[in-house]
Amino acid sequence: MRTESTSASSEIPSSTPAAHVTSPPASQTPPQDVIHEDIYTIPNFLTATRLVAAPFIGYLVLHDQHAWAVGLFAYAGITDMLDGWIARKWNTKTVVGTVIDPMADKMLMTVLTVCLAIKGALPAWVAFIILGRDVGLAISAIYYRWISLPPPKTFTRYWDFSLPSAEVRPTTISKYNTFLQLALVGMTTAAPILGTDISPVLTVMQYVVATTTVWSGASYLYTKDAVKILNKPGPKKS
(Lines give C-alpha, C1' and ligand atoms only; values in the text may rest on other atoms or scores of the structure.)
Protein backbone atom coordinates (compact mmCIF):
# COMPACT_ATOMS: atom_id res chain seq x y z
CA MET A 1 0.00 0.00 0.00
CA ARG A 2 2.87 2.43 0.77
CA THR A 3 4.41 1.72 -2.57
CA GLU A 4 1.15 2.43 -4.40
CA SER A 5 0.67 5.65 -2.46
CA THR A 6 4.16 6.85 -3.35
CA SER A 7 3.64 5.98 -6.98
CA ALA A 8 0.32 7.77 -7.17
CA SER A 9 1.63 10.88 -5.46
CA SER A 10 4.55 11.11 -7.91
CA GLU A 11 2.28 11.37 -10.92
CA ILE A 12 1.70 14.91 -12.22
CA PRO A 13 -1.81 15.50 -13.62
CA SER A 14 -1.86 16.74 -17.20
CA SER A 15 -4.00 19.73 -16.16
CA THR A 16 -1.36 21.10 -13.77
CA PRO A 17 -0.07 24.47 -15.14
CA ALA A 18 3.64 24.38 -15.92
CA ALA A 19 4.19 27.79 -17.48
CA HIS A 20 6.64 28.72 -14.73
CA VAL A 21 9.02 25.97 -15.74
CA THR A 22 8.55 26.16 -19.52
CA SER A 23 11.42 27.78 -21.43
CA PRO A 24 10.58 30.17 -24.30
CA PRO A 25 10.80 28.83 -27.85
CA ALA A 26 14.21 29.08 -29.41
CA SER A 27 12.80 31.06 -32.34
CA GLN A 28 11.33 33.75 -30.06
CA THR A 29 13.35 36.98 -30.16
CA PRO A 30 13.40 39.58 -27.38
CA PRO A 31 11.42 42.78 -28.01
CA GLN A 32 13.29 45.60 -29.67
CA ASP A 33 14.32 48.67 -27.74
CA VAL A 34 12.35 51.75 -28.78
CA ILE A 35 14.58 54.70 -29.63
CA HIS A 36 13.69 58.16 -28.31
CA GLU A 37 15.53 61.35 -29.19
CA ASP A 38 15.60 64.88 -27.83
CA ILE A 39 13.53 66.91 -30.29
CA TYR A 40 13.61 70.15 -28.27
CA THR A 41 16.56 71.76 -30.01
CA ILE A 42 17.16 75.26 -31.34
CA PRO A 43 17.16 74.14 -35.02
CA ASN A 44 13.84 72.36 -34.55
CA PHE A 45 12.42 75.44 -32.80
CA LEU A 46 13.45 77.67 -35.71
CA THR A 47 11.91 75.19 -38.13
CA ALA A 48 8.68 75.24 -36.12
CA THR A 49 8.53 79.04 -36.38
CA ARG A 50 8.74 78.70 -40.17
CA LEU A 51 5.79 76.33 -40.08
CA VAL A 52 3.81 78.89 -38.06
CA ALA A 53 4.84 81.79 -40.32
CA ALA A 54 3.61 80.13 -43.54
CA PRO A 55 -0.16 80.78 -43.13
CA PHE A 56 0.50 84.37 -42.06
CA ILE A 57 2.49 84.98 -45.25
CA GLY A 58 -0.40 83.58 -47.27
CA TYR A 59 -2.85 85.83 -45.45
CA LEU A 60 -0.71 88.89 -46.21
CA VAL A 61 -0.51 87.97 -49.91
CA LEU A 62 -4.29 87.56 -50.15
CA HIS A 63 -4.76 91.00 -48.62
CA ASP A 64 -2.13 92.65 -50.85
CA GLN A 65 0.25 93.34 -47.97
CA HIS A 66 3.22 92.39 -50.12
CA ALA A 67 5.89 94.28 -48.17
CA TRP A 68 5.02 92.45 -44.94
CA ALA A 69 4.75 89.18 -46.83
CA VAL A 70 8.22 89.64 -48.31
CA GLY A 71 9.58 90.44 -44.85
CA LEU A 72 8.20 87.24 -43.33
CA PHE A 73 9.36 85.31 -46.39
CA ALA A 74 12.89 86.64 -45.84
CA TYR A 75 12.68 85.55 -42.18
CA ALA A 76 11.76 82.05 -43.33
CA GLY A 77 14.71 81.95 -45.71
CA ILE A 78 17.19 83.18 -43.08
CA THR A 79 16.03 80.70 -40.43
CA ASP A 80 16.11 77.91 -43.01
CA MET A 81 19.85 78.49 -43.46
CA LEU A 82 20.45 79.20 -39.78
CA ASP A 83 18.88 76.04 -38.37
CA GLY A 84 20.95 73.83 -40.65
CA TRP A 85 24.15 75.66 -39.73
CA ILE A 86 23.45 75.34 -35.99
CA ALA A 87 22.59 71.66 -36.30
CA ARG A 88 25.85 70.92 -38.10
CA LYS A 89 28.11 73.11 -35.95
CA TRP A 90 26.84 71.94 -32.56
CA ASN A 91 25.86 68.41 -33.64
CA THR A 92 22.18 68.83 -32.80
CA LYS A 93 20.84 66.97 -35.79
CA THR A 94 17.72 64.90 -35.17
CA VAL A 95 15.74 62.47 -37.27
CA VAL A 96 12.61 64.56 -36.75
CA GLY A 97 14.56 67.52 -38.09
CA THR A 98 15.09 65.71 -41.38
CA VAL A 99 11.30 65.46 -41.63
CA ILE A 100 9.99 68.82 -40.40
CA ASP A 101 12.66 70.90 -42.17
CA PRO A 102 11.51 69.95 -45.69
CA MET A 103 7.95 69.96 -44.32
CA ALA A 104 8.34 73.65 -43.42
CA ASP A 105 9.61 74.40 -46.92
CA LYS A 106 6.69 72.51 -48.43
CA MET A 107 4.20 74.25 -46.15
CA LEU A 108 5.51 77.67 -47.20
CA MET A 109 5.61 76.63 -50.84
CA THR A 110 2.08 75.20 -50.78
CA VAL A 111 0.55 78.22 -49.04
CA LEU A 112 2.20 80.71 -51.37
CA THR A 113 1.42 78.65 -54.47
CA VAL A 114 -2.29 78.51 -53.60
CA CYS A 115 -2.51 82.17 -52.59
CA LEU A 116 -0.59 83.48 -55.61
CA ALA A 117 -2.71 81.30 -57.94
CA ILE A 118 -5.89 82.68 -56.34
CA LYS A 119 -4.62 86.23 -56.92
CA GLY A 120 -3.77 85.36 -60.54
CA ALA A 121 -0.06 86.05 -60.06
CA LEU A 122 0.89 82.41 -60.71
CA PRO A 123 -0.49 80.40 -63.66
CA ALA A 124 -2.88 77.60 -62.68
CA TRP A 125 -0.92 74.95 -64.62
CA VAL A 126 2.26 75.73 -62.68
CA ALA A 127 0.38 75.57 -59.38
CA PHE A 128 -1.16 72.23 -60.41
CA ILE A 129 2.25 70.67 -61.11
CA ILE A 130 3.76 71.95 -57.86
CA LEU A 131 0.81 70.90 -55.69
CA GLY A 132 0.39 67.55 -57.46
CA ARG A 133 3.96 66.54 -56.66
CA ASP A 134 3.62 67.64 -53.04
CA VAL A 135 0.40 65.69 -52.57
CA GLY A 136 2.10 62.56 -53.88
CA LEU A 137 5.06 63.02 -51.54
CA ALA A 138 2.74 63.68 -48.59
CA ILE A 139 0.85 60.45 -49.18
CA SER A 140 4.15 58.58 -49.41
CA ALA A 141 5.36 60.15 -46.15
CA ILE A 142 2.19 59.06 -44.34
CA TYR A 143 2.63 55.51 -45.66
CA TYR A 144 6.31 55.21 -44.73
CA ARG A 145 5.70 56.65 -41.27
CA TRP A 146 3.04 54.03 -40.58
CA ILE A 147 4.90 50.98 -41.85
CA SER A 148 8.13 51.98 -40.10
CA LEU A 149 6.59 52.90 -36.72
CA PRO A 150 7.74 50.46 -33.99
CA PRO A 151 4.84 48.49 -32.47
CA PRO A 152 2.37 49.06 -31.01
CA LYS A 153 1.02 51.20 -33.86
CA THR A 154 -1.36 53.72 -32.30
CA PHE A 155 -2.60 57.15 -33.30
CA THR A 156 -0.79 58.77 -30.35
CA ARG A 157 2.52 57.08 -31.15
CA TYR A 158 2.13 57.97 -34.83
CA TRP A 159 2.28 61.68 -33.93
CA ASP A 160 4.99 61.23 -31.29
CA PHE A 161 7.96 62.64 -33.19
CA SER A 162 10.37 61.59 -30.45
CA LEU A 163 9.93 58.09 -31.90
CA PRO A 164 12.00 58.23 -35.10
CA SER A 165 10.98 55.58 -37.60
CA ALA A 166 12.02 56.81 -41.04
CA GLU A 167 14.60 59.29 -42.26
CA VAL A 168 14.00 61.34 -45.41
CA ARG A 169 17.04 62.01 -47.58
CA PRO A 170 16.25 64.62 -50.25
CA THR A 171 17.68 63.86 -53.66
CA THR A 172 20.08 66.29 -55.31
CA ILE A 173 17.57 67.48 -57.89
CA SER A 174 14.98 67.88 -55.13
CA LYS A 175 17.26 70.32 -53.29
CA TYR A 176 17.73 72.41 -56.44
CA ASN A 177 14.00 72.24 -57.14
CA THR A 178 13.11 73.48 -53.65
CA PHE A 179 15.44 76.46 -54.10
CA LEU A 180 13.99 77.27 -57.54
CA GLN A 181 10.41 76.93 -56.32
CA LEU A 182 11.00 79.25 -53.38
CA ALA A 183 12.83 81.70 -55.65
CA LEU A 184 9.84 81.71 -58.02
CA VAL A 185 7.18 82.32 -55.37
CA GLY A 186 9.44 84.81 -53.57
CA MET A 187 10.01 86.88 -56.71
CA THR A 188 6.32 86.64 -57.60
CA THR A 189 5.39 87.89 -54.13
CA ALA A 190 7.87 90.76 -54.34
CA ALA A 191 6.98 91.73 -57.94
CA PRO A 192 4.23 94.27 -56.99
CA ILE A 193 6.62 96.29 -54.80
CA LEU A 194 9.51 96.32 -57.28
CA GLY A 195 10.03 99.34 -59.49
CA THR A 196 10.57 97.31 -62.67
CA ASP A 197 8.69 94.74 -64.73
CA ILE A 198 10.10 91.24 -64.14
CA SER A 199 7.31 89.29 -65.86
CA PRO A 200 9.63 87.93 -68.63
CA VAL A 201 11.97 86.54 -65.95
CA LEU A 202 9.04 85.03 -64.06
CA THR A 203 7.75 83.34 -67.23
CA VAL A 204 11.10 81.65 -67.82
CA MET A 205 11.30 80.56 -64.20
CA GLN A 206 7.82 79.08 -64.35
CA TYR A 207 8.86 76.68 -67.11
CA VAL A 208 12.12 75.84 -65.36
CA VAL A 209 10.33 75.12 -62.08
CA ALA A 210 7.70 73.00 -63.81
CA THR A 211 10.48 70.87 -65.34
CA THR A 212 12.50 70.44 -62.15
CA THR A 213 9.35 69.70 -60.14
CA VAL A 214 8.43 66.74 -62.35
CA TRP A 215 12.06 65.60 -62.40
CA SER A 216 12.45 65.76 -58.61
CA GLY A 217 9.19 63.89 -58.05
CA ALA A 218 10.37 61.07 -60.30
CA SER A 219 13.77 60.98 -58.54
CA TYR A 220 12.15 59.67 -55.34
CA LEU A 221 10.87 56.68 -57.29
CA TYR A 222 14.22 55.51 -58.67
CA THR A 223 16.54 56.64 -55.83
CA LYS A 224 16.87 53.71 -53.42
CA ASP A 225 18.17 55.60 -50.37
CA ALA A 226 15.76 58.56 -50.53
CA VAL A 227 13.87 57.10 -47.54
CA LYS A 228 15.73 55.11 -44.87
CA ILE A 229 13.61 52.90 -42.62
CA LEU A 230 14.87 52.91 -39.03
CA ASN A 231 14.29 50.23 -36.36
CA LYS A 232 14.26 47.40 -38.86
CA PRO A 233 13.66 44.04 -37.13
CA GLY A 234 16.80 41.93 -36.87
CA PRO A 235 17.06 38.45 -38.36
CA LYS A 236 15.32 35.77 -36.31
CA LYS A 237 17.52 33.22 -34.64
CA SER A 238 16.86 29.65 -35.68
Side-chain angles (χ1 to χ4, degrees), residues 14-55 76 79-80 83-84 86-88 90-111 114 131-171 174-175 178 216-238:
S14 60
S15 60
T16 302
H20 61 286
V21 296
T22 303
S23 58
S27 61
Q28 184 176 355
T29 57
Q32 290 183 313
D33 294 332
V34 178
I35 301 174
H36 286 263
E37 66 175 2
D38 181 15
I39 62 175
Y40 301 104
T41 63
I42 293 178
N44 288 347
F45 171 76
L46 292 175
T47 302
T49 63
R50 299 206 326 266
L51 283 167
V52 174
T79 54
D80 190 16
D83 61 12
I86 294 175
R88 289 188 298 270
W90 280 280
N91 194 26
T92 55
K93 295 180 181 179
T94 60
V95 174
V96 70
T98 68
V99 176
I100 65 173
D101 184 71
M103 183 188 298
D105 293 335
K106 289 298 117 184
M107 172 71 80
L108 178 60
M109 188 66 208
T110 299
V111 169
V114 171
L131 297 177
R133 169 191 175 272
D134 289 345
V135 168
L137 292 180
I139 294 174
S140 299
I142 293 171
Y143 168 75
Y144 279 112
R145 170 63 175 171
W146 179 255
I147 66 172
S148 62
L149 184 68
K153 299 180 186 293
T154 63
F155 183 81
T156 302
R157 285 168 57 84
Y158 183 91
W159 294 106
D160 183 358
F161 292 112
S162 69
L163 294 171
S165 58
E167 182 178 2
V168 180
R169 297 178 176 179
T171 60
S174 179
K175 295 178 181 179
T178 299
S216 64
S219 70
Y220 282 98
L221 299 177
Y222 60 75
T223 303
K224 295 181 180 180
D225 59 348
V227 179
K228 179 183 178 182
I229 304 298
L230 306 176
N231 301 318
K232 286 186 177 180
K236 293 184 178 181
K237 298 180 180 180
S238 56

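Any value given below was found using the heavy atoms of this structure, including those in side chains, with hydrogens, waters and symmetry copies removed. Positions are given from 1, in the same order as the sequence printed here.
Atom-to-atom distance recorded for L131:CG and K106:NZ is 10.0 Å, nearest 0.5 angstrom. For the atom pair Y40 OH and T94 OG1, the distance stands at 12.0 Å (nearest 0.5 Å). Atom CG of residue D105 and atom OG1 of residue T178 lie 6.0 Å apart, to the nearest 0.5 angstrom. Rounding to the nearest 0.5 Å places CG of D83 at 8.5 Å from CZ of R88.
Between R157 and P151, the closest heavy-atom pair is NH2-O, 3.4 Å. Pairing each heavy atom of V111 with each of P55, the nearest pair is CG1-CA, 4.3 Å. The two residues A104 and L51 have their closest heavy-atom pair at CA-CD2, 3.5 Å. Shown here for N44 and G97, the closest heavy-atom pair between the two residues is OD1-CA, 3.6 Å.
Partners of I86 under the side chain to side chain contact (heavy atoms under 4.5 Å, CB included) rule, at least two apart in sequence or in another chain, are I42, P43, L46, L82, W90, T92. For D134, the side chain to side chain donor-acceptor pair (under 3.5 Å) test picks out no residue, with sequence neighbours left out. Shown here are the side chain to side chain contact (heavy atoms under 4.5 Å, CB included) partners of Y143, two or more places apart in sequence or in another chain: I147. Qualifying side chain to side chain donor-acceptor pair (under 3.5 Å) partners for D101, counting only residues two or more places apart in sequence or in other chains: R50. Residues satisfying the side chain to side chain donor-acceptor pair (under 3.5 Å) test with S174, not counting sequence neighbours, are R133, Y220. With sequence neighbours left out, T110 forms a side chain to side chain donor-acceptor pair (under 3.5 Å) with no residue at all.
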